[in-house]
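Note that ligands are numbered from 1 as they come in the structure, with each ligand's atoms numbered from 1 the same way.
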Amino acid sequence: MDLSLEEFVALDESAKAAYVGDCAILYAQQFDRPDLDAYCSLADICRALHKMPVGAEFMASLLPHRMALNFFVQPSSRTFMSFNAAQLMLGMKRMSVRDVAISSMSKGETLADSVRTFMSYVDCIVMRHPDEHAGDVAVWIAMHAMRTIHIGGEERPIPIISGGSGTKQHPTQSLLDIYTLEKSFEHVGGIDGKTIMLVGDLKRGRTVRSLSYLLKNYRDVRLLFAAPEIYQMEPDILEFCDRHHMPWEKLDSLDAGIARADAIYMTRIQDEWDGLAKGAHTKATDRFVFKAEHLDRMKDEAYLLHPLPKRDEVDPALDYTDDRRVVYWRQERNGMWMRVAILAQLFRVDQAIRDFAATQGIK
Ligand code: NCD
């Protein structure tokens with residue numbers, strides 16, 4: 001079925017996910033359990049392989065003929081840097097556009113024309129954009145533009161990867177969150193059967209939305225949504241959970257869930273959408289702040305995550321604790337390995353990495 005750009009943008013995300021297949025990474029609904037398991041195992045392999053000089057050299061020999069564009073027109077530290085690091089590890093060349101004010105978009109060029117222009121020069125676009133439909137526009141153009149690239153024996157559209165779209169999706173963040181959860185729960189049966197508490201600005205937090213979508217791929221997961229009413233999770237995600245038989249509860253404080261949660265996923269208030277004065281920030285509500293004493297009330301096998309950047313919603317005393325349950329700095333580094341895995345899979349060098357790793361005794 002072919003669709004005009006307008007028809008495509010009007011679809012719901014699951015239909016978009018089906019339409020784009022594996023031409024892009026834009027919606028967490030694109031992934032099933034085997035995909036998630038494959039990404040996690042590949043990220044592990046890349047991490048182990050890169051520790052060996054011969055492995056790092058092999059990885060860097062894989063994609064020297066590929067040019068990536070990192071098109072990030074919203075602030076970013078981790079996603080931008082970890083994609084850059086991942087591209088370098090795979091030997092890719094990179095360019096970046098980080099400011100529309102100094103591109104032709106400031107002359108009135110449409111996003112569609114700009115993206116089409118970028119596609120003349122690069123083999124992959126990683127994009128972070130405030131408009132939740134910017135990725136839709138880019139993938140539709142990639143699927144309809146004349147330029148294709150040869151990947152794994154096929155002519156394919158230029159891959160588009162979301163590094164965060166509006167308030168709606170951040171699929172690669174949720175993949176690294178899954179990787180972090182799976183590693184944390186490695187000795188206690190993985191993510192299946194776990195209770196995950198999401199805390200903070202669930203309404204505008206794109207990470208918690210994408211993560212909720214991915215968690216439906218695990219058995220018997222229960223979600224706790226702890227947020228002030230104005231920042232509570234949107235009804236579409238609650239309906240999604242219902243459709244996928246994922247029990248959920250809304251909570252009015254972090255305390256209400258802390259003793260039950262196997263993972264606590266903190267988020268900051270996304271006040272960039274509130275039009276505040278430059279440098280001004282909304283303070284986190286005390287009932288949703290993770291304080292040092294909360295560690296005493298957490299289960300022994302529970303983990304504290306945060307996509308970062310964090311502000312006052314987490315006690316800074318936790319940053320240098322040796323409590324192994326505080327995993328957000330590990331989560332940040334996991335992001336780089338997951339992004340190596342994502343790029344390797346998109347460019348179909350995943351099997352070559354697995355084969356080479358096996359020759360080095362890595363499985
Ligand atoms: C998140 C984002 O951009 O949505 N950051 C990130 O990529 N780690 C979370 C946030 O900004 O709060």
Taking the ring of F31 and the ring of Y39, is the distance between their centroids below 6.0 Å? yes

When only distance counts, is H170 in polar contact with ligand 1, meaning an N/O pair under 3.5 Å? yes

Just distances here: any N/O of T79 and N/O of ligand 1 closer than 3.5 Å? yes

Would R128 count as a contact of ligand 1 if the rule is a heavy atom under 4.0 Å away? yes

Considering only heavy atoms of P309, which atoms of ligand 1 have at least one such atom less than 4.0 Å away? 5 (N), 10 (C), 11 (O)

Specify side chain, backbone, both or neither for Q270, according to which of its non-hydrogen atoms lie closer than 4.0 Å to ligand 1. side chain

Pairing of D22 and R156 as salt bridge, 4.0 angstrom limit: yes

Could you check whether K194 makes a cation-pi contact with Y218, meaning its NZ or CZ is under 6.0 Å from the centre of the six-membered ring and within 45° of the ring axis? no

Result for side-chain contact (heavy atoms from CB on, under 4.5 Å) between L42 and one of I342, D350, V340 points to D350

Has R98 got its NZ or CZ under 6.0 Å from the middle of the six-membered ring of F80, at an angle within 45 degrees of the ring axis? yes

Could you list the atoms of ligand 1 found under 4.0 angstrom from a heavy atom of R268? 10 (C), 11 (O), 12 (O)

Heavy atom under 4.0 Å from ligand 1: found in L308's side chain, backbone, both, or neither? backbone

Exercise: identify the closest heavy-atom pair between W140 and L3: NE1-O, 2.8 Å

Angle between ring planes, Y19 versus F8, binned at 30° and 60°: parallel, tilted or perpendicular? tilted

Residue, atom and distance of the protein heavy atom nearest atom 4 (O) of ligand 1 read R206 NE, 2.7 Å

Polar-atom distance check: P307 versus ligand 1, any N or O pair below 3.5 Å? yes

